[in-house]
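Counting convention: from 1, in listed order, for ligands and their atoms alike. Counting from 1, the numbers follow the sequence of the chain as shown.
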Amino acid sequence: MNLILLGAPGAGKGTQAEAISAKLGIPQISTGNMLREAVKNGTALGLQAKEAMDSGALVSDEIVIGILKDRIAEPDAAKGFILDGFPRTVAQAEALDTMGVNIDKVLEIYVPDERICARMSGRRVCEACGASYHIEYKPTAVEDVCDKCGAKTVQRADDAPETVLSRLAVYREKTAPLKEFYGKTGKLLTVEGQEEVADTTKLVFEALGVND
Ligand code: AP5
């Protein structure tokens, strides 16, 4: 299955992509994670992307389409993939079409803005492997220590409240039009993000027709 996850920043795309990936055995492809890795490693790509990311703006379509194209050509994506954070503009969606990528389903996770802000303030990510947690809803077993690799968990730079507000504004302006774009294809499904991660996963699996 080639799947796109749509949703505002903090709606839970990454969290649900992980669950779907584990269930279906297809990779989660997060452009945000790839860009953060490039920034952390100080690559040329990372240097180009950093300023936009820090301010909550989008990285240019050209850069993101380039990294996505390379990533989906890797062998592990041959049997399907979950796009988490891509496409984010109509131009990116059109680029997928131009590449000849067939998308089976587009799943929107809807969460109202006021709940998004609370989620972002509690999010913690592993500074080594990028695993994502929440201090209340998805805590690590040991405080500030990643369950997966034992490194320290920290707050993401773009989770500062003022940056979250600009990311939400960018989402409304640039990404929300994709609902209409994919609505016309008949492939768009919407689930409402719940207070508990597991409750959302249940709705996501139901919407995708996957057994829980
Ligand atoms: P990216 O990393 O894609 O960020 P985002 O879309 O803003 O999404 P997030 O990762 O913030 O949230 P999420 O929906 O994955 O939520 P999560 O599961 O973590 O992009 C970052 C930046 O990179 C962009 O701003 C841009 O600059 C650039 N970029 C990336 N892709 C790009 C593209 N295609 N084009 C241009 N630029 C691009 O959940 C959030 C928190 O809530 C977590 O703590 C989680 O534990 C918790 N949580 C999740 N579900 C629940 C639940 N049901 N109940 C309670 N808590 C929950």
**OP:** Before signing off on this row, confirm whether Val64 and ligand 1 have an N or O atom pair separated by under 3.5 Å.
**Re:** no
Subject >> Per-atom contacts of ligand 1 with Gly14, taking only distances under 4.0 Å to non-hydrogen atoms >> reply: 13 (P), 15 (O), 18 (O)
Original post:
In terms of atom number and element, which parts of ligand 1 are under 4.0 angstrom from non-hydrogen atoms of Gln92?
Top reply: 33 (C), 34 (N), 35 (N), 36 (C)
Subject >> Thr153 and Glu127: side chain donor to acceptor below 3.5 Å >> reply: no
Original post:
Should the proximity of Thr200 to ligand 1, defined as any heavy atom under 4.0 Å, be assigned to the side chain, the backbone, both, or neither?
Top reply: side chain
Original post:
Do the side chain of Asp104 and the main chain of Asn2 share a donor and acceptor less than 3.5 angstrom apart?
Top reply: yes
**OP:** Report yes or no: does Lys138 contribute a side-chain atom to a donor-acceptor pair with the main-chain N or O of Ser132 at less than 3.5 Å?
**Re:** yes
Original post:
Going by distance only, is there an N or O of Lys13 that falls short of 3.5 Å from an N or O of ligand 1?
Top reply: yes
Original post:
What do you reckon, does Ala11 put a non-hydrogen atom under 4.0 Å from ligand 1?
Top reply: yes
**OP:** Check each of Val170, Asn33, Ile65, Leu35 against atom 38 (C) of ligand 1 and report the one with the nearest heavy atom.
**Re:** Leu35
**OP:** List the closest protein heavy-atom neighbour of atom 1 (P) of ligand 1: residue, atom name, distance to the nearest 0.1 Å.
**Re:** Arg88 NH2, 3.6 Å
Original post:
Looking at atom 10 (O) of ligand 1, what's its closest protein heavy atom, distance included?
Top reply: Arg156 NH1, 3.0 Å
Original post:
At a 4.0 Å threshold, what atoms of ligand 1 neighbour a non-hydrogen atom of Ser132?
Top reply: 19 (O)
Original post:
Distance only, no hydrogens: is a donor on one side chain within 3.5 Å (strictly under) of an acceptor on the other, for Thr163 and Asp158?
Top reply: no
Original post:
Counting only heavy atoms not in Glu51, do more than 12 sit closer than 6.0 Å to its CD atom?
Top reply: no
Subject >> Taking atom 36 (C) of ligand 1 as the reference point, the nearest protein heavy atom with its distance >> reply: Val59 O, 3.2 Å
Subject >> Residue pair Ser21, Gln28: steps toward the side-chain hydrogen bond (donor to acceptor under 3.5 Å, both in side chains) verdict >> reply: CA-CA 6 Å; Ser21 172; Gln28 166 192 8; 5.7 Å; no
Original post:
Ignoring hydrogens and geometry, is there a side-chain-to-backbone donor-acceptor pair from Lys187 to Ile103 under 3.5 Å?
Top reply: yes
Subject >> Which segment of Ala8 sits under 4.0 Å of ligand 1 when only heavy atoms are counted >> reply: backbone
Original post:
Does even one non-hydrogen atom of Met120 get within less than 4.0 Å of ligand 1?
Top reply: yes
Original post:
What protein heavy atom is closest to atom 9 (P) of ligand 1, reported as residue, atom name and distance in Å?
Top reply: Arg123 NH1, 3.3 Å
**OP:** Specify side chain, backbone, both or neither for Pro9, according to which of its non-hydrogen atoms lie closer than 4.0 Å to ligand 1.
**Re:** both
Subject >> Interfacing atoms of ligand 1 (cut-off 4.0 Å, heavy-atom, Gly32) >> reply: 1 (P), 2 (O), 3 (O), 20 (O), 30 (C), 31 (N)
Original post:
Short question: side chain of Arg115, backbone of Gly193 - any donor-acceptor pair under 3.5 Å?
Top reply: yes
Original post:
Is there a chain of hydrophobic side chains (I, L, V, M, F, W, Y, each step under 4.5 Å between heavy atoms) that links Leu47 to Val39?
Top reply: no
Original post:
Do the side chains of Leu35 and Ile4 join up, straight or via other hydrophobic residues, at under 4.5 Å, putting them in one cluster?
Top reply: yes
Original post:
With atoms numbered from 1 as shown, which atoms in ligand 1 lie under 4.0 angstrom from a non-hydrogen atom of Tyr137?
Top reply: 55 (C), 56 (N)
Original post:
Can you check side-chain contact (heavy atoms from CB on, under 4.5 Å) on Arg167 and Met120, steps first, answer last?
Top reply: CA-CA 11 Å; Arg167 287 164 65 200; Met120 304 297 233; 3.6 Å; yes
Original post:
If you measure only the distance, is there a donor-acceptor pair under 3.5 Å linking the side chains of Glu195 and Tyr137?
Top reply: yes
Original post:
By number and element, which atoms of ligand 1 are closer than 4.0 Å to a non-hydrogen atom of Glu195?
Top reply: 52 (C), 54 (N), 55 (C)
Original post:
Of all the non-hydrogen atoms in the protein, which one sits nearest to atom 46 (O) of ligand 1, and at what distance?
Top reply: His134 CB, 3.3 Å
**OP:** For atom 27 (O) of ligand 1, grab the closest protein heavy atom and report residue, atom and distance to one decimal in Å.
**Re:** Ala57 O, 2.6 Å
Original post:
For ligand 1, which atoms, with element, lie under 4.0 Å from some heavy atom of Tyr133?
Top reply: 43 (C), 44 (O), 46 (O)
Subject >> Nearest candidate to atom 40 (C) of ligand 1, where distance is taken over non-hydrogen atoms, out of Gly193, Gly56, Gly10 >> reply: Gly10
Subject >> Salt-bridge contact Lys152-Asp144 (side-chain N to carboxylate O under 4.0 Å) >> reply: no
Subject >> Minimum-distance protein heavy atom relative to atom 49 (C) of ligand 1 >> reply: Thr15 OG1, 3.5 Å
Subject >> atom 23 (O) of ligand 1 - nearest protein heavy atom and its distance >> reply: Met53 CE, 3.4 Å
**OP:** Assess whether side-chain contact (heavy atoms from CB on, under 4.5 Å) is satisfied between Asp76 and Arg71, documenting all intermediate values.
**Re:** CA-CA 9 Å; Asp76 68 334; Arg71 179 63 186 89; 2.8 Å; yes
Subject >> Under 3.5 Å: donor-acceptor pair, side chain of His134, backbone of Pro139 >> reply: no
Original post:
Which of the atoms in ligand 1, numbered in the order shown and given with their element, are less than 4.0 Å from a heavy-atom of Gln194?
Top reply: 52 (C), 53 (N), 54 (N)
Original post:
Which part of Arg36 is near ligand 1, with near meaning a heavy atom under 4.0 Å away: side chain, backbone, both or neither?
Top reply: side chain
